[in-house]
Participant: 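Supplied in structure tokens, the structure appears directly below.
The residues of the chain are indexed from 1 along the displayed sequence.
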Amino acid sequence: MKTEIETINPADGSQLTTYEMMSDDQMKAAINACHEAFLEWRERPLKERAELIGKIGEALSDAKAELSELMVKEMGKLYSQAEEEIDLCVGICQYTAENGPKELEGEARDIQNGAKGEIEYAPIGVIYGIQPWNFPAYQVIRYSIANLMAGNGVLLKHAESVTGSGLKLQDIYLKAGLPQNLFSVLRITHDQSEKVIEHDLVRGVTLTGSSDAGRKIAEQAGRVLKKTVLELGSNDAYLVLSDADIDLAVETSVQGRIYNNGETCVAAKRFVVVNEVYDEFVSKFVAAMKDLKIGDPMEDGVDIGPMARADLRDTLHDQVQKSVEKGAKVLCGGDIPEKPGFYYPATVLTDVSAGQPAYDDELFGPVASVIRAKNDEDAMRIANDSRFGLGGGIFSRDVEKAKAMAKTHFDTGMVFINGFGLATPSMPFGGVKNSGYGREHGGFGMKEFVNAKSVCVMAA
């Protein structure tokens, strides 16, 4: 059995530190302790829970510089974007503190024949989160804060490569005043993780990861009849329609593709451009991608840092090569730099069509797939010609037309019009099809793992 976790700096491949793995007994003790903490936490009034979550937001803000630098070292994101990630986490805490009590407040309803009913949003217990490496703080904050507000206990299995970030968050929660053991990081293997899911005291499971990982976790949880929330991958399409502002589309598409070094589930990945504006968009888009600077994520003026791990870069490069073998053309990038670290350049592929990884699969890195469409309707068809459905975008000067397309025809959980977005605390986040199910943010995440309990008074 694996006994330790090693973290690596992707900027140069050097070792950062090692962490001892938990034994089965230590893991079970953490689950039991989290449950015991939950039994007390669930009795706290909503207002008290909200106040403590507000304090977690303040503690995150105080630790911003330290946590941002740690995230850069562990996964290679730009320092400025690490700071933005912490700002988003603070915003989630603030939104939850302000809106949580109202979202979870009980409801009174009339029942026939004069009976009275009340609906109570009761916490259910320990919620287990399995989270990825690409947003080391945000992915954890997103599910843990909602569930703490709901009154649940929270366990975290973070990606091994960002173990330090997970433990730092645990420390921040404790310093803010969260009861001991209510939020705990599990340093465990995949085999041990299945035992966590099966544990009687664990009542729900949430995963952010690949579609393949989602299938495995859903199957494991399904066998023991436990609810899951899955936020999985995608190959989001951004439509450039005939009446689009091309300069805006190009600028936004570049940022949408390379933000977080292109390692974002809801990033812009496929660019579906209608014939009428195709040549202009491609010319300007390629020029802008060529101008991007790749380098040390701690340095100012750098646009793209390293990918998080060597194997991730190798997988991305293999997808590019296989797409080229099947007819795609590389207009820029496409070669692994000869330098230390796990870098990959901004890359643009054209002549992308079905059957290529660049069309069918998720390219998790700074590689853009440009697809030609006959017209606006054809662009919408291509966008939906995907097994994924997390997010997407539309560029058009006719906002009402774009809104109608988004509301009626775009088969995704989120659509951004004339812009690129990641997550907003006040709006639901999640996808459809192979991008998963369930929603977080906007009050929705607070009710994913609660018991909507009916209390009926039939007679006084």
Side-chain angles (χ1 to χ4, degrees), residues 29-63 89-108 117-129 131 137 140-156 166-186 196 199-206 226-227 229 425-426 438-455:
I31 296 171
N32 290 331
C34 187
H35 176 72
E36 290 300 316
F38 152 73
L39 293 177
E40 296 184 13
W41 179 248
R42 67 178 178 177
E43 302 290 341
R44 295 275 192 102
L46 291 169
K47 183 179 178 182
E48 286 188 20
R49 293 183 213 158
E51 288 173 352
L52 205 151
I53 285 168
K55 291 178 181 178
I56 292 175
E58 294 172 3
L60 281 165
S61 184
D62 292 341
C89 292
V90 172
I92 291 168
C93 292
Q94 292 172 340
Y95 178 88
T96 305
E98 293 170 5
N99 295 277
K102 177 178 62 178
E103 292 285 348
L104 295 165
E105 187 178 10
E107 303 175 28
E118 294 183 20
I119 299 171
E120 177 70 13
Y121 295 107
I124 60 173
V126 176
I127 307 302
Y128 177 42
Q131 299 301 322
V140 177
I141 294 293
R142 188 171 69 195
Y143 89 97
S144 66
I145 290 299
N147 279 291
L148 291 171
M149 182 65 236
N152 294 319
V154 177
L155 298 173
L156 166 66
L167 293 171
K168 181 62 179 176
L169 288 170
Q170 179 176 277
D171 182 59
I172 289 170
Y173 281 27
L174 288 171
K175 286 183 177 178
L178 193 72
Q180 189 81 26
N181 301 318
L182 190 63
F183 172 84
S184 291
V185 177
L186 303 180
V196 176
H199 198 290
D200 288 342
L201 295 180
V202 174
R203 297 290 298 275
V205 184
T206 180
K226 295 181 183 179
K227 181 180 179 180
V229 169
S426 61
R439 291 295 181 270
E440 296 169 298
H441 296 326
F444 294 87
M446 300 179 212
K447 294 181 180 178
E448 285 287 358
F449 292 104
V450 296
N451 175 13
K453 185 185 298 185
S454 296
V455 179

Participant: Of all the heavy-atom pairs spanning V90 and G57, show the shortest one and how long it is.
Facilitator: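 Looking at all heavy atoms of both residues, the shortest contact is CG2-O, 3.6 Å.
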
Participant: With rounding to the nearest 0.5 Å, note down the distance linking CG in L169 to OG in S144.
Facilitator: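 Between L169 CG and S144 OG, I get 7.5 Å after rounding to 0.5 Å.
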
Participant: So do the side chains of C93 and E58 get within less than 4.5 Å of each other, counting heavy atoms only?
Facilitator: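 Contact flag for C93/E58 side chains = no.
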
Participant: Step by step, would you call H441 with R142 a side chain to side chain contact (heavy atoms under 4.5 Å, CB included)?
Facilitator: CA-CA 7 Å; H441 296 326; R142 188 171 69 195; 3.4 Å; yes

Participant: For the residue pair N32 and H199, establish whether any side-chain heavy-atom pair is separated by less than 4.5 Å.
Facilitator: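 N32 vs H199: side chains touch.
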
Participant: To the nearest 0.5 angstrom, please state how far the CD1 atom of I124 sits from the CG atom of N152.
Facilitator: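 Interatomic distance, I124 CD1 to N152 CG, rounded to 0.5 Å: 5.5 Å.
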
Participant: Is any side-chain heavy atom of I127 closer than 4.5 Å to one of F38?
Facilitator: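 The answer is no, as the side chains (C-beta and beyond) never meet within the 4.5 Å cut-off.
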
Participant: Report the distance from atom CD of Q170 to atom NZ of K175, rounding to the nearest 0.5 Å.
Facilitator: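 Reported value, rounded in 0.5 Å steps: 12.0 Å.
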
Participant: Closest heavy-atom contact between A59 and I172?
Facilitator: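 Residues A59 and I172, closest heavy atoms: CB-CG2, 3.7 Å.
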
Participant: Are L52 and W41 packed together at the side-chain level, in the sense that at least one heavy-atom pair is separated by less than 4.5 angstrom?
Facilitator: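 Yes, side chains in contact.
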
Participant: Would you tabulate the side-chain donor-acceptor contacts of residues 442-454 under 3.5 Å, counting partners in other chains and residues two or more places apart, or write 'none'?
Facilitator:
from, atom 1, to, atom 2, distance (Å)
K447, NZ, E103, O, 3.2
E448, OE1, K227, NZ, 2.8
E448, OE2, R439, N, 2.7

Participant: First locate atom CD of Q180, then atom SG of C34, and finally report the distance between them rounded to the nearest 0.5 Å.
Facilitator: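 Those atoms lie 11.5 Å apart.
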
Participant: Would the number of heavy atoms belonging to other residues, nucleotides or ligands and lying under 6.0 Å from CD of E40 be above 12?
Facilitator: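 Open.
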
Participant: Dump the intermediate steps for side chain to side chain contact (heavy atoms under 4.5 Å, CB included) on R42 and L39, then the final yes or no.
Facilitator: CA-CA 6 Å; R42 67 178 178 177; L39 293 177; 3.7 Å; yes

Participant: Report the C-alpha distance between Y128 and V154 in whole Å, list the side-chain angles of each, state the deciding distance to 0.1 Å, and finish with yes or no for side chain to side chain contact (heavy atoms under 4.5 Å, CB included).
Facilitator: CA-CA 6 Å; Y128 177 42; V154 177; over 6 Å; no

Participant: When rounded to the nearest 0.5 angstrom, what distance separates CD1 in I53 from CD1 in I92?
Facilitator: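 Separation between the atoms: 11.5 Å.
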
Participant: Do R49 side-chain atoms and L148 backbone N/O form a donor-acceptor pair below 3.5 Å?
Facilitator: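 Not a single qualifying donor-acceptor pair exists.
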
Participant: Show the nearest heavy-atom pair for residues A150 and P123, with the distance to one decimal.
Facilitator: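 Nearest pair, atom of A150 first, then P123: O-CB, 3.2 Å.
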
Participant: Please report the closest heavy-atom contact between T206 and E440, naming both atoms and the distance.
Facilitator: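 Taking every non-hydrogen atom into account, OG1-OE2, 4.2 Å.
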
Participant: Within the structure provided, determine whether L156 and Y143 are in side-chain contact (heavy-atom separation under 4.5 Å).
Facilitator: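 The answer is yes, as the side chains (C-beta and beyond) meet within the 4.5 Å cut-off.
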
Participant: Do the non-hydrogen side-chain atoms of K102 and L46 ever get within less than 4.5 Å of each other?
Facilitator: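 In short, these two side chains do not touch, never coming nearer than 4.5 Å.
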
Participant: Take I141 and L60 through the test side chain to side chain contact (heavy atoms under 4.5 Å, CB included) and record every step on the way to the result.
Facilitator: CA-CA 10 Å; I141 294 293; L60 281 165; 3.7 Å; yes

Participant: Please round to the nearest 0.5 Å and tell me the distance separating atom CG of L186 and atom CG of L155.
Facilitator: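 Going from the CG atom of L186 to the CG atom of L155 covers 5.0 Å.
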
